[in-house]
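Down below is the structure, laid out as structure tokens.
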Amino acid sequence: MGRSRRTIPEELLLLALDPTTGTTAQPQSLDLGLAGAQLVELALAGRIAPDGDRIAVVAPRPTGDPTLDCALELLRRRGAPVRAVNWIGGPRLGLRQTYLSHLERCGMVHAVAGQMCGVLPTTRYQATDTAISREIKARLDNAIRTGVPPDPRTAALAALAHAVGLGKHLYPGNEGRSSRSRLRDLIRHDPMGGLVAHAVMDVQNGVAAQPRRSPAPVGRQAAPGARPAPEPARGMPMQPRHGSMARAVAH
């Protein structure tokens, strides 16, 4: 894979980066989105393909991108196809920082050292050229405004942006409500992007942690007063829980 084109994980991270504060919007769900964006990028490169709700490796040769190739090798080692929701919900320690450091090496962002509460060292990231982020968002704006089906790369980016909750960051306030709705609708234009986006939202809604319930044996009655487990809502990502400890590296 050549480096003339930005990858979807890179573009998703640039979209999430606040040019004023140097922090990323929706940091917790963004980690899930980056893992999902890697799957979409590998699918566009012809290395993996959807198999129902699972991901199968179809061509294990390296792409030339070290971060993507690491994900591809981990998928290959699984042997059998893996459910997208289980893959995205797995541990992804340091993935966001890996991509931030990569963008810094590429000259698209630069690190700004600081302190939290005057004690804890922090690192924020400022875009070196905001025109790149504007160009990425312009592709989404064009797809939303015209209603013309976008290319698979833009459709997948839109699906992931919605899944991680970037809609209110990109299109804030009441005036952005219709744009946020249309951003969500772009999910249907790319099957792989839609599969991954729904998997990201399922992980946020706790679906990955819930094993599928086996049907009750014939003749066995349900316990008195037992209620069926409610099905998590699809289509809208849950907000991250509050109260988690702030990280030393700025989100």
Side-chain angles (χ1 to χ4, degrees), residues 1-16 30-109 132-133 135-140 142-143 149-164 166 186-201 203:
M1 178 184 295
R3 297 302 301 147
S4 59
R5 171 181 286 177
R6 292 181 299 269
T7 65
I8 293 177
E10 293 166 3
E11 292 195 329
L12 184 66
L13 186 52
L14 287 170
L15 277 180
L30 183 60
D31 289 340
L32 303 176
L34 290 172
Q38 287 185 314
L39 293 181
V40 177
E41 191 67 46
L42 287 171
L44 289 173
R47 302 311 196 268
I48 63 174
D51 181 8
D53 66 346
R54 297 174 182 269
I55 303 297
V57 175
V58 295
R61 65 183 183 277
T63 66
D65 181 304
T67 309
L68 291 176
D69 288 341
C70 179
L72 179 61
E73 176 61 15
L74 290 175
L75 284 167
R76 187 193 66 79
R77 290 179 184 177
R78 293 290 187 97
V82 59
R83 290 184 67 209
V85 69
N86 290 341
W87 173 261
I88 291 171
R92 293 290 177 272
L93 185 63
L95 186 58
R96 179 160 32 104
Q97 184 57 51
T98 296
Y99 274 104
L100 282 170
S101 299
H102 168 73
L103 291 177
E104 184 182 15
R105 289 192 300 271
C106 292
M108 285 188 274
V109 302
I132 297 176
S133 298
E135 181 272 325
I136 298 170
K137 184 173 180 294
R139 287 174 22 223
L140 299 183
N142 184 64
D151 62 274
R153 183 171 292 273
T154 301
L157 180 63
L160 286 162
H162 165 71
V164 302
L166 288 183
L186 292 176
I187 288 179
R188 69 179 185 272
H189 290 298
D190 180 60
M192 184 65 183
L195 169 65
V196 169
H198 281 300
V200 169
M201 291 184 283
V203 173

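Just so you know, these numbers come straight off a predicted model, no measurement behind them.
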Let me see the working for V109 and L14 under side-chain contact (heavy atoms from CB on, under 4.5 Å), right down to the final yes or no. CA-CA 9 Å; V109 302; L14 287 170; 4.2 Å; yes
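- Looking at E41, E10, E11 one by one, the single match for salt bridge (Lys or Arg N to Asp or Glu O under 4.0 Å) with R153 turns out to be E41.
- A pairwise comparison of heavy atoms in W87 and A35 identifies NE1-O, 4.3 Å as the closest pair.
- Of the listed residues (I8, V85, I88), just one forms a side chain to side chain contact (heavy atoms under 4.5 Å, CB included) with V196, and that residue is I88.
- The two residues A156 and G193 have their closest heavy-atom pair at CB-CA, 4.1 Å.
- Considering CG of L13 and CE of M108, their distance stands at 9.5 Å, rounded to 0.5 Å.
- Remark: the backbone N or O of T154 is paired with a side-chain donor or acceptor of D151 at under 3.5 angstrom.
- When all heavy atoms of G33 and V164 are compared, the closest pair comes out as CA-CG1, 3.5 Å.
- At least one donor-acceptor pair under 3.5 Å links the side chain of R47 to the backbone N or O of A45.
- Considering all non-hydrogen atoms of both residues, L44 and P152 come closest at CD2-CB, 4.2 Å.
- For the atom pair L42 CG and I48 CD1, the distance stands at 5.0 Å (nearest 0.5 Å).
- Rounding to the nearest 0.5 angstrom, the gap separating the CD atom in E73 from the CG atom in L68 is 13.5 Å.
- Here H198 contributes atom NE2 and D53 contributes atom CG; the two are 12.5 Å apart, rounded to the nearest 0.5 Å.
- Taken from CG in L95 to CG in L100, the straight-line distance is 10.0 Å, to the nearest 0.5 Å.
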Would you sort out whether L75 and Q38 count as a side-chain contact (heavy atoms from CB on, under 4.5 Å), showing the intermediate values? CA-CA 11 Å; L75 284 167; Q38 287 185 314; over 6 Å; no
Audit row: T7, T67, side-chain contact (heavy atoms from CB on, under 4.5 Å) steps and yes/no: CA-CA 11 Å; T7 65; T67 309; over 6 Å; no
Can L140 and L15 be said to form a side-chain contact (heavy atoms from CB on, under 4.5 Å), step by step? CA-CA 11 Å; L140 299 183; L15 277 180; 3.8 Å; yes
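- Counting heavy atoms from C-beta outward, L34 and T98 have side chains that stay 4.5 Å or more apart.
- Across all their heavy atoms, A197 and I187 have their closest contact at CB-CD1, 4.4 Å.
- Rounding to the nearest 0.5 Å gives a distance of 13.0 Å between CG of L12 and CZ of R6.
- Across all non-hydrogen atoms, the minimal contact from T63 to D65 is OG1-N, 3.1 Å.
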